[in-house]
Amino acid sequence: MKNPYEVLGISPDATNEEVRDAYRALAKKYHPDNYVDNPLADMAEEKMKEINSAYDEILRQRAEAKNSANHQNSDTGRAKYNYGTSNNPHYARVRHAINGGDMATAESLLNEVEENARDAEWYFLKGCILLQGGYVFDAVRYINKACTLDPDNEEYKTLLATIQANSNARAQRAPRQGVGCSICDICSAIICIDCLCR
């Protein structure tokens, strides 16, 4: 395989944003829709495959490097979650971006999916992005919807269970002041009721 950075015409020192911009510019130039009924259609299709492959490889390398760095420097005790792979190439790029910590790219790619084409994996990935941003309550809603749309998917169920277990662990560690309901108790109850009612 060619050097993926050379394929995209960028330096290995390029920022994630520069990588994304280079990919988008080349994808726009070589997209097969631009070469309909054109003798260069086959060549453009091959070039587009090469561009997609290079972009995916860069995202994979960066995610791997970041995961390795996080593993070596993880003194926060926070659990890491690997957002796996997908059979859908578009969602695979979203997952690479999430694993690489590039939530802006992940969200941008996810928002390209038409509303009527948003399936269980779309909701799962949206929840993952929200979770990485610290929006746990909203993340649970989206991941819950993914579980509703695809109830047999182990990945979705596992992440939802992990979030709920972490929330319960935090609630047990939190010092109680006084008697009665705290805002955390109310939020936990709402999440539980929401899960049970679906």
Side-chain angles (χ1 to χ4, degrees), residues 1-70 81-133 135 138-139 141-143 145-150 153-156 159:
M1 178 183 174
K2 290 184 183 176
N3 181 323
Y5 290 96
E6 288 177 10
V7 172
L8 296 189
I10 53 174
S11 159
D13 297 330
T15 65
N16 288 341
E17 189 174 296
E18 290 168 334
V19 172
R20 184 189 67 227
D21 291 345
Y23 166 75
R24 286 185 175 167
L26 289 170
K28 186 175 180 181
K29 180 177 179 180
Y30 290 103
H31 196 280
D33 291 349
N34 298 334
Y35 294 90
V36 175
D37 297 328
N38 187 314
L40 299 175
D42 289 341
M43 189 174 76
E45 187 175 338
E46 284 303 311
K47 184 68 175 174
M48 195 65 223
K49 284 180 186 174
E50 184 180 53
I51 293 164
N52 283 334
S53 179
Y55 184 63
D56 288 344
E57 178 61 18
I58 290 170
L59 292 178
R60 187 195 65 74
Q61 288 174 5
R62 289 181 175 207
E64 201 172 84
K66 182 169 183 171
N67 286 341
S68 175
N70 284 343
Y81 187 84
N82 181 3
Y83 295 95
T85 58
S86 174
N87 293 328
N88 179 317
H90 189 78
Y91 289 152
R93 286 196 290 278
V94 174
R95 287 171 182 265
H96 283 303
I98 293 171
N99 282 327
D102 188 356
M103 296 307 130
T105 296
E107 189 154 28
S108 176
L109 287 167
L110 204 55
N111 289 337
E112 291 174 6
V113 177
E114 300 279 332
E115 277 192 48
N116 60 356
R118 293 178 179 178
D119 57 5
E121 188 169 11
W122 188 93
Y123 284 95
F124 172 74
L125 294 173
K126 180 70 173 181
C128 294
I129 291 168
L130 289 166
L131 185 61
Q132 289 296 316
Y135 303 101
D138 291 327
R141 283 188 321 132
Y142 279 92
I143 296 168
K145 172 103 177 183
C147 290
T148 301
L149 293 173
D150 187 358
N153 189 298
E154 288 301 319
E155 180 184 29
Y156 306 168
L159 181 57

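Because the structure is predicted, anything quoted here is derived from the model rather than measured.
Residue E112 places its CD atom among more than 12 non-hydrogen atoms of other residues, nucleotides or ligands, all under 6.0 Å distant. Within a 6.0 Å radius of CG in D33, other residues, nucleotides and ligands contribute more than 12 heavy atoms.
What you find for A106 and I98 is that their closest heavy atoms are CB-CG1, 3.6 Å. When every heavy atom of R62 is checked against every heavy atom of P12, the shortest pair comes out as NH2-O, 3.4 Å. Summarising the geometry of A54 relative to P4, their closest heavy-atom pair is O-CB, 3.5 Å, with the distance given to 0.1 Å. When all heavy atoms of A120 and A146 are compared, the closest pair comes out as O-CB, 3.2 Å. Heavy-atom minimum distance, L159 versus I143: CD2-CD1, 3.6 Å. Scanning all heavy atoms of the two residues, the minimum distance from A139 to G127 falls at CB-O, 3.2 Å.
For the side chain to side chain contact (heavy atoms under 4.5 Å, CB included) with E121, the qualifying choice from E155, K126, R95, H90 is R95, the only one to do so.
With contacts defined as side-chain heavy-atom distances shorter than 4.5 Å, the pair V19/D102 does not qualify. By the 4.5 Å heavy-atom criterion applied to side chains, Y23 and R93 are counted as neighbours. Annotation: side chain of M48 is not in contact with side chain of Y35 (no heavy-atom distance under 4.5 Å). Inter-residue side-chain proximity for Y91 and L110 is flagged as met; some heavy-atom pair is nearer than 4.5 Å.
Atom CZ in F124 sits 11.0 Å away from atom CG in D150 (nearest 0.5 Å). Rounded to the nearest 0.5 angstrom, L26 CG and L8 CG are separated by 6.0 Å. Rounding to the nearest 0.5 Å places NE2 of H31 at 10.5 Å from CD of E45. With values rounded to the nearest 0.5 angstrom, C128 atom SG is found 9.0 Å from M103 atom CE. Separation of atoms CG (N111) and CD1 (I129) is listed at 7.5 Å; rounding is to 0.5 Å. Note that CE of M43 and CD of E46 are 10.5 Å apart. Values are rounded to the nearest 0.5 Å.
R60 places no side-chain N or O within donor-acceptor distance of the main-chain N or O of H96, the cut-off being under 3.5 Å.
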Inset, instruction - Report the C-alpha distance between R20 and Y55 in whole Å, list the side-chain angles of each, state the deciding distance to 0.1 Å, and finish with yes or no for side-chain contact (heavy atoms from CB on, under 4.5 Å). - result: CA-CA 8 Å; R20 184 189 67 227; Y55 184 63; 4.0 Å; yes
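With respect to E57 and K2, no salt bridge is recorded, no charged nitrogen being found less than 4.0 Å from a carboxylate O. Salt bridge status for D21 with R24: absent, with no side-chain N to carboxylate O gap under 4.0 Å.
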